[in-house]
Novice: 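One structure coming up, written as structure tokens, with questions to follow.
In what follows, every heavy atom counts, from backbone to side chain, and hydrogens, waters and symmetry copies are set aside. Index from 1, following the sequence.
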Amino acid sequence: MAINTIMKNKTYNVVSGEGSGGDGNSSSPPSSPRRQTSGFSQCRRRLRSKVQLQYFRKDSLAAGIFVRRNIQFLLLLFFLYFSGLMMCVGRFSEFLRHSREPIAIYKSHVLLEKLWHDIETDNSTALELSSVWQFKRRMKVQKPCPVLATRRRLGSVEVSSGPAGYLIVEANGGLNQQRSAICNAVAVAGILNAVLVIPSFGYNSVWKDPSVWNDPSKFEVLGSDGETDSLKIHFYSEFRDIYDEDHFIATLEGYVKVVKELPDELISKYDHNITNIPHLRVEAWAPAKHYLGEVYPVLQEHGVIRIAPFANRLAMNVPSHIQLLRCITNYRALRFAAPITTLAQKLVNRMIVRSSMTGGKYVSVHLRFEEDMVAFSCCLYDGGDAEKSEMHSIREKGWKGKFKRKDLDFVAGRNRIDGKCPLTPLEVGMMLRGMGFGSNTSIYLASGKIYKGEQHLAPLSKMFPLLYTKESLATSDELAPFQGYSSRLAALDYTVCLFSEVFVTTHGGNFPHFLMGHRRFLFNGHAKTIRPDKRILAGLLENMTISWKDFKDDMEAMLLESDRKGMMIPRVRKFNRKNSIYTFPLPECDCLQSHDSSRVINHTLNVLVPQLEPTRGRVPVSD
């Protein structure tokens with residue numbers, strides 16, 4: 001207590017000594033004695049003070065005038081700045097007040113009507129499908145896949161020599177998002193040296209599988225935190241409905257062990273309830289070291305783990321031997337189930353037969369102009385107020401509360417300028433005719449149900465009469481087992497597009513990215529894909545003064561750019577979401593290739609369909 005008091009007094013004394021001179025306890029030096037001055041000196045000091053005061057007043061007056069002028073100048077600058085700012089804000093506010101008026105309007109139908117005579121009477125030579133792609137890649141000498149080396153390297157990762165346990169994943173999303181999850185699951189099993197259980201497919205509100213309603217064993221009730229309760233129903237379809245399970249397991253033998261289900265003695269520890277198994281939530285795009293550091297210890301402790309959801313749960317940039325597992329899974333192990341591949345092969349054969357005028361070659365178009373896609377894009381077309389009202393009700397039904405902005409008309413115009421609007425069938429037709437494809441070109445349309453299909457498909461059918469879909473190529477009896485199964489129908493489209501001479505993508509997504517990568521893998525590194533620059537296209541289709549010749553010149557330049565980019569490999573081999581191994585599989589997957597194109601296609605058809613029954617009028621495409 002005494003020490004604290006002394007310290008306080010010391011602190012207090014230091015402060016007071018510096019401020020007011022202190023008291024007797026201060027150690028400040030004594031003040032100097034006052035000097036004695038004469039009366040004359042005092043008078044001289046007063047006179048000097050008056051003179052200094054006069055000069056000071058004069059200086060103060062000049063400084064005051066200078067300051068006032070500077071203040072006036074600064075006020076003038078501020079006024080000019082504020083006026084300019086208000087003018088900009090005024091224009092911006094006026095722009096916002098008129099934001100309901102779109103800055104870009106769909107006029108493609110008007111332009112088609114204006115140019116139709118020139119399109120119809122165009123006598124220029126049609127583009128030969130066999131000569132569309134001019135750029136070629138010089139392929140390197142093919143090296144065999146390092147099977148044994150890979151097996152050794154997988155064993156050299158910092159995990160146990162024997163299997164560490166069982167890995168269960170849920171592949172959610174659509175067909176190709178599930179495909180990505182399956183490839184990643186095999187890669188993760190390789191990282192962890194785990195036994196992979198055949199992935200289950202999660203229910204999605206878009207990719208519906210009605211079979212779950214007929215079999216209660218295919219769904220379970222999950223809460224928002226993944227625990228069993230009555231808040232949310234999560235449905236599962238079967239892996240074997242889409243892919244050949246036995247082929248998948250056999251192909252991965254020697255790389256990753258795959259089983260159809262958990263051993264009974266293990267699942268019994270969890271009361272035969274999968275939700276009792278330790279459930280891990282892994283961050284998106286997790287690197288391999290995360291699995292080794294965080295997931296592997298849990299796997300070792302429990303002998304089995306469950307990761308759900310599993311979409312995009314592994315980084316694109318992983319060691320080369322793990323990357324090879326993705327290649328093997330995507331291009332060798334994943335073969336569509338027999339019912340899908342059998343019908344898909346029939347559709348391919350029928351397209352070849354109907355493309356006799358172009359040497360059996362055809363163009364496939366992935367068209368994203370379904371009702372929900374048009375609504376979600378917030379783009380406006382030629383339907384007027386009725387279309388606006390219809391799209392608004394669809395958005396409210398499918399995405400409650402997400403689209404409540406009052407300036408959606410402006411958003412629609414902005415999206416069109418930015419190239420974010422789905423291309424209409426009419427726009428696809430004008431683009432292809434402008435690129436030089438003749439009216440005798442056979443076109444396969446891969447799509448769901450087109451929004452107002454009869455109305456919107458009429459212009460495309462007028463420009464390309466040989467227009468086909470899976471519904472027009474297959475009989476109703478052939479399609480009956482697939483109706484209502486979105487993933488199986490998408491698998492049919494995927495296969496027919498895969499073997500087309502030209503593939504056209506119109507709105508991005510997993511489907512075209514996986515397909516471009518698969519085509520690069522098949523066709524010596526060339527995607528053979530038209531990827532239109534929709535920003536440029538939107539400007540051209542809005543130009544009511546453009547001639548057909550000028551439009552063709554721009555479209556031919558766009559085709560040339562797609563040709564150039566189709567065979568390019570990104571220089572920076574650091575994979576990311578847009579630059580993935582699924583879109584650019586080379587050179588990581590090139591050891592699986594055969595550089596003889598005919599052998600590649602024949603082998604792939606055999607992989608797609610192990611046993612084909614001869615069909616009437618079939619064009620032989622394999623030995």
Novice: For the pair His302 (side chain) and Val304 (backbone), establish whether a donor and an acceptor sit closer than 3.5 Å, ignoring hydrogens and angles.
Specialist: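 Pair absent, no side-chain N/O of His302 close to backbone of Val304.
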
Novice: Would you check if Phe248 and Ile182 make a side-chain contact, meaning some heavy-atom pair closer than 4.5 Å?
Specialist: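 Answer yes - side chains close enough.
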
Novice: Report yes if the distance between the aromatic ring centroids of Phe336 and Tyr243 is under 6.0 Å, otherwise no.
Specialist: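 Centroid separation for Phe336 and Tyr243: below 6.0 Å.
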
Novice: Which heavy atom of Arg531 sits nearest to which heavy atom of Thr505, and what is that distance?
Specialist: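 Looks like CG-CG2, 3.5 Å.
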
Novice: Does a side chain donor of either Asp477 or Thr475 reach within less than 3.5 Å of an acceptor in the other side chain?
Specialist: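 Judged by distance alone, the side chains do not pair up.
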
Novice: Return yes if some donor-acceptor pair links the side-chain N/O of Arg326 with the main-chain N/O of Leu324 below 3.5 Å, else return no.
Specialist: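 Side chain of Arg326 to backbone of Leu324, a donor-acceptor pair under 3.5 Å: no, none is there.
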
Novice: Could you state the interatomic distance from CG (Leu262) to CD1 (Ile274), rounded to the nearest 0.5 Å?
Specialist: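 Atom-to-atom, Leu262:CG and Ile274:CD1 are 7.0 Å apart.
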
Novice: Pair Gln593, Leu586 - check side chain to side chain contact (heavy atoms under 4.5 Å, CB included), show working.
Specialist: CA-CA 10 Å; Gln593 280 186 307; Leu586 305 179; 3.5 Å; yes

Novice: If you compare all heavy atoms of Lys534 against all heavy atoms of Gly419, which two are closest, and at what distance to 0.1 Å?
Specialist: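 Minimum heavy-atom separation between Lys534 and Gly419: CE-O, 3.0 Å.
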
Novice: Given side chain to side chain contact (heavy atoms under 4.5 Å, CB included), test Leu343 with Lys470 step by step and report yes or no.
Specialist: CA-CA 10 Å; Leu343 181 56; Lys470 52 184 173 291; over 6 Å; no

Novice: Indicate the atoms forming the closest heavy-atom contact of Val256 with Ala189, along with that distance.
Specialist: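 So the two residues come closest at CG1-CB, 3.7 Å.
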
Novice: Do the non-hydrogen side-chain atoms of Phe310 and Glu170 ever get within less than 4.5 Å of each other?
Specialist: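 Not in contact.
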
Novice: Between Lys269 and Asn276, is there a side-chain heavy-atom distance shorter than 4.5 Å?
Specialist: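 The answer is no; the side chains never approach within 4.5 Å.
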
Novice: Run the numbers on Tyr331 and Phe521 for ring pair (Phe, Tyr, Trp, His ring centres under 6.0 Å), then give the verdict.
Specialist: CA-CA 8 Å; Tyr331 301 121; Phe521 180 80; 4.3 Å; yes

Novice: More than 12 non-hydrogen atoms from neighbouring residues, nucleotides or ligands closer than 6.0 Å to CD on Glu471, yes or no?
Specialist: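 Yes, because the 6.0 Å sphere around CD of Glu471 holds more than 12 heavy atoms from other groups.
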
Novice: Under the 3.5 angstrom rule, does the side chain of Thr342 hit a backbone N or O of Pro339 as a donor-acceptor pair?
Specialist: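 Side chain of Thr342 to backbone of Pro339, a donor-acceptor pair under 3.5 Å: no, none is there.
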
Novice: Under a 3.5 Å distance rule, please check whether Arg488 uses its side chain to pair with a backbone N or O of Phe482 as donor and acceptor.
Specialist: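 No: the side chain of Arg488 does not pair with the backbone of Phe482.
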
Novice: Find the distance between CD1 (Ile242) and CD1 (Ile340) and round it off to the nearest 0.5 Å.
Specialist: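 Answer for the CD1-CD1 pair, Ile242 versus Ile340, is 4.5 Å.
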
Novice: Counting C-beta onward and ignoring hydrogens, is there a side-chain heavy-atom pair between Leu489 and Tyr485 closer than 4.5 Å?
Specialist: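 Of all side-chain heavy-atom pairs linking Tyr485 with Leu489, none is under 4.5 Å.
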
Novice: Distance only, no hydrogens: is a donor on one side chain within 3.5 Å (strictly under) of an acceptor on the other, for His507 and Lys420?
Specialist: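 Their side chains do not contain a donor-acceptor pair, so the 3.5 Å distance test is not met.
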
Novice: I'd like to know if the side chain of Thr495 and the backbone of Ala491 have a donor-acceptor N/O pair within less than 3.5 Å.
Specialist: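 Here the side-chain-to-backbone pair exists.
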
Novice: Which value, rounded to the nearest 0.5 Å, describes the distance between Glu283 atom CD and His290 atom NE2?
Specialist: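 If I round to the nearest 0.5 Å, the distance is 5.0 Å.
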
Novice: What's the verdict on side chain to side chain contact (heavy atoms under 4.5 Å, CB included) for Phe514 and Asn330, showing C-alpha distance, side-chain angles and the deciding distance?
Specialist: CA-CA 10 Å; Phe514 264 82; Asn330 196 22; 4.0 Å; yes

Novice: State whether the side chain of Glu370 and the backbone N or O of Gly448 hold a donor-acceptor pair below 3.5 Å, judged by distance alone.
Specialist: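 A pair under 3.5 Å: yes.
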
Novice: Closer than 3.5 angstrom, by distance alone: can the side chain of Trp133 be matched with the main-chain N or O of Glu501 as a donor-acceptor pair?
Specialist: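 Judged by distance alone, yes, a pair lies under 3.5 Å.
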
Novice: Got a sec: does the CZ of Arg354 have more than 12 other heavy atoms crowding it under 6.0 Å?
Specialist: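 Yes, because the 6.0 Å sphere around CZ of Arg354 holds more than 12 heavy atoms from other groups.
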
Novice: Is the backbone N or O of His366 less than 3.5 Å from a side-chain atom of Thr506, with the two atoms forming a donor-acceptor pair by type?
Specialist: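 Confirmed, Thr506 side chain pairs with His366 backbone.
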
Novice: Main chain of Ala187, side chain of Gln323: is a donor-acceptor contact present, judged purely on distance under 3.5 Å?
Specialist: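 Pair absent, no side-chain N/O of Gln323 close to backbone of Ala187.
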
Novice: Is the shortest side-chain N to carboxylate O distance from Arg350 to Glu478 below 4.0 Å?
Specialist: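 Here Arg350 pairs with Glu478 in a salt bridge, since their nearest N and O are under 4.0 Å apart.
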
Novice: Shortest non-hydrogen contact from Leu423 to Leu367?
Specialist: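 Heavy atoms only, the tightest pair is O-CD1, 3.5 Å.
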
Novice: How about Ser500 and Arg519: does a side-chain donor come under 3.5 Å of a side-chain acceptor?
Specialist: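 Ser500 vs Arg519: donor-acceptor pair found between side chains.
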
Novice: Can you find a pair of side-chain heavy atoms, one from Asp246 and one from Asp244, that are under 4.5 Å apart?
Specialist: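 Yes, their side chains come closer than 4.5 Å.
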
Novice: How about Leu167 and Val197: do any of their side-chain heavy atoms sit closer than 4.5 Å?
Specialist: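 No, every pair of side-chain atoms sits at 4.5 Å or beyond.
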
Novice: Establish, from distance only, whether the side-chain atoms of Tyr582 and Asn510 form a donor-acceptor pair under 3.5 Å.
Specialist: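 Asn510 and Tyr582 do not have a side-chain donor-acceptor pair below 3.5 Å.
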
Novice: Find the distance between CG (Asp372) and CE (Met391) and round it off to the nearest 0.5 Å.
Specialist: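 The CE atom of Met391 is 9.5 Å from CG of Asp372, to the nearest 0.5 Å.
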
Novice: Once rounded to the nearest 0.5 Å, what's the spacing between atom OG of Ser364 and atom CG of Leu515?
Specialist: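 Here the interatomic distance stands at 6.5 Å.
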
Novice: Using side-chain heavy atoms (C-beta onward) and a distance below 4.5 Å, is Ile305 in contact with Ile168?
Specialist: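 They are not in side-chain contact.
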
Novice: Looking only at heavy atoms, which two atoms of Gly190 and Leu325 are closest? And how far apart?
Specialist: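 Closest approach of Gly190 to Leu325, heavy atoms only: CA-CD1, 3.9 Å.
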
Novice: Test the Arg179-Tyr494 pair against the cation-pi criterion, namely NZ or CZ under 6.0 angstrom from the six-membered ring centroid and within 45° of the ring axis.
Specialist: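 The answer is yes; both the distance and angle limits are met.
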
Novice: On a heavy-atom basis, which atom in Asn172 and which in Gln178 lie closest, and how many Å separate them?
Specialist: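 Closest approach of Asn172 to Gln178: O-CG, 3.8 Å.
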
Novice: Do Ile191 and Leu292 have side-chain heavy atoms sitting under 4.5 Å apart?
Specialist: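 Yes; the side chains approach each other to less than 4.5 Å.
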
Novice: Any donor and acceptor pair, going by atom type alone, linking the side chain of Ser377 with main-chain N or O of Pro422 inside 3.5 Å?
Specialist: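 No; zero donor-acceptor contacts below 3.5 Å.
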
Novice: Please list, chain by chain and in numerical order, all residues satisfying disulfide (SG to SG under 2.5 Å) with Cys497, sequence neighbours excluded.
Specialist: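 Not a single residue meets the disulfide (SG to SG under 2.5 Å) criterion with Cys497.
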
Novice: Would you give the length of the straight line joining atom CH2 of Trp285 to atom CG of Leu314, rounded to the nearest 0.5 angstrom?
Specialist: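 Answer for the CH2-CG pair, Trp285 versus Leu314, is 9.0 Å.
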
